[in-house]
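Everything below concerns the one structure shown next.
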Amino acid sequence: MKKLVLAALTGALVLTAGCQKKVRDLSDVSEASGDADSTGGEETIVDVATIASVDDLPREIIIDEDYLKAEVTIDETVFSKAPAIGMDLVENAQIRIEAMTADAQEYQKADPSYFRSYGLRIKWGIVAEADNIVSLEGFHYTFTGGAHGNYFTAGRLYNGVTGEPMRLSTFLREPQAAIQGHMDTVWTEIARQKVKKSGNVSDLERFRSEAMELVSADMVLAGEVNFVPSDVPNKFGGYTIHFAPYDIGSYAEGAYHVTIPQAVFRGGLKQPYVRLFDGDPVSFDRLGD
């Protein structure tokens, strides 16, 4: 049973739903939670399975405390098309907030003179759909001290009817062999992007050799992957694997997004999923870029 634990000090947590309609403020939390804890905080457990309407799921979670500044935004389209997916994203965001809150409070207590407020920003949106399969991307930024924060793009695939998370491997007959078969495309695209960022065309082969050492088929299968839109309506044009700063380059290089056209792996798809793919990938505005 999925549960959301909504814990915050007074004034710290705001949840909104629908068109920025407030659906649960701290007075609601207080009435449902009973006694406050010894630090003055209040806690309530909300059983997601008992929420009667999609309108009651939060679209936005905001934390504004001296130990954590957080903002989570989930596009309304997620809830209107697939409420079960919105439920999963809300739960995952709350788990992340709870973990960062505990870590930040411990750090603040241990070294108050050096401590700087932790930061978290998450934005989720649907990027492509085909039949009942929904593809999402989420931009995540975190700061936990140090010279700067870090960020990455998360990729998610879901069954839009059941809300069940899916993996790229789900769609392939022999996942390892299929991905291994087009790793040349992955390595070449990484090298091409590195050349574009550096301006050093002569380094193409060096960049490709480095990519071959850093990125394997296993890394792709376990990585942040989602399907992307096609120039054919209601089809997927391919998939993108996302690499955060430091994954395959320096922080200054930024993130990498490598898209593999569906024509490259179409022959390795399980038969029921072939009809979901067609055409060529098309560009779109990526969250956080």
Side-chain angles (χ1 to χ4, degrees), residues 119-125 127-128 135-157 167-169 171-172 175-231 236-269 277 279-289:
L120 173 67
R121 187 164 68 251
I122 299 174
K123 292 183 178 181
W124 279 106
V127 297
S135 172
L136 293 89
E137 286 186 6
F139 177 78
H140 292 59
Y141 169 85
T142 59
F143 176 79
T144 56
H148 55 72
N150 203 3
Y151 62 92
F152 68 94
T153 297
R156 294 280 182 87
L157 299 169
R167 303 290 300 181
L168 176 60
S169 58
F171 299 84
L172 301 170
Q176 184 71 28
I179 300 298
Q180 191 63 52
H182 63 251
M183 285 305 295
D184 279 346
T185 306
V186 175
W187 296 325
T188 300
E189 177 59 18
I190 290 172
R192 188 194 68 79
Q193 290 188 29
K194 282 183 174 282
V195 163
K196 184 177 180 180
K197 292 183 179 187
S198 70
N200 297 322
V201 178
S202 61
D203 287 337
L204 179 64
E205 285 306 314
R206 177 172 67 85
F207 289 146
R208 191 177 186 281
S209 295
E210 291 174 351
M212 291 175 68
E213 294 181 2
L214 290 170
V215 182
S216 66
D218 287 337
M219 185 176 179
V220 173
L221 286 169
E224 297 292 345
V225 174
N226 62 279
F227 298 141
V228 294
S230 169
D231 56 5
F236 296 125
Y239 77 79
T240 294
I241 179 169
H242 308 280
F243 299 96
Y246 296 125
D247 279 350
I248 57 174
S250 67
Y251 183 81
E253 289 178 47
Y256 284 84
H257 311 281
V258 177
T259 298
I260 307 302
Q262 62 87 25
V264 174
F265 60 90
R266 184 179 183 86
L269 289 167
F277 297 83
D280 295 315
V282 296
S283 60
F284 59 95
D285 291 332
R286 176 162 281 121
L287 294 174
D289 280 7

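Numbering starts at 1 and runs along the sequence shown.
- Here the closest non-hydrogen pair linking Val220 and Ile241 is CA-CD1, 3.4 Å.
- Checked options Tyr251, Tyr141, Phe143; the residue passing with His148 is Tyr251 (criterion: ring pair (Phe, Tyr, Trp, His ring centres under 6.0 Å)).
- Taking CZ from Phe139 and CH2 from Trp124, the interatomic distance works out to 12.5 Å, rounded to the nearest 0.5 Å.
- His242 and Asn226 share a side-chain donor-acceptor pair at under 3.5 Å.
- Heavy atoms only, all atoms of each residue included: Val282 and Phe284 are closest at O-CD2, 3.7 Å.
- Although no hydrogens or angles enter the test, the distance criterion places a donor-acceptor pair under 3.5 Å between the side chain of His140 and the main chain of Gly138.
- Ion pairing between Glu189 and Arg192 holds under the 4.0 Å rule for side-chain N and carboxylate O.
- When all heavy atoms of Phe265 and Leu172 are compared, the closest pair comes out as CD1-CD2, 4.4 Å.
- Here the shortest heavy-atom pairing between Gln180 and Ala217 reads OE1-CB, 3.5 Å.
- Judged purely by atom type and a 3.5 angstrom limit, Gln193 has no side-chain atom pairing as donor or acceptor with the backbone of Ile190.
- Residues Pro229 and Ala128 approach most closely at N-CB, 3.6 Å, considering heavy atoms.
- In this structure the side chain of Ser250 reaches within 4.5 angstrom of the side chain of Glu253, judged on heavy atoms.
- Arg208 places a side-chain heavy atom less than 4.5 Å from the side chain of Asp184.
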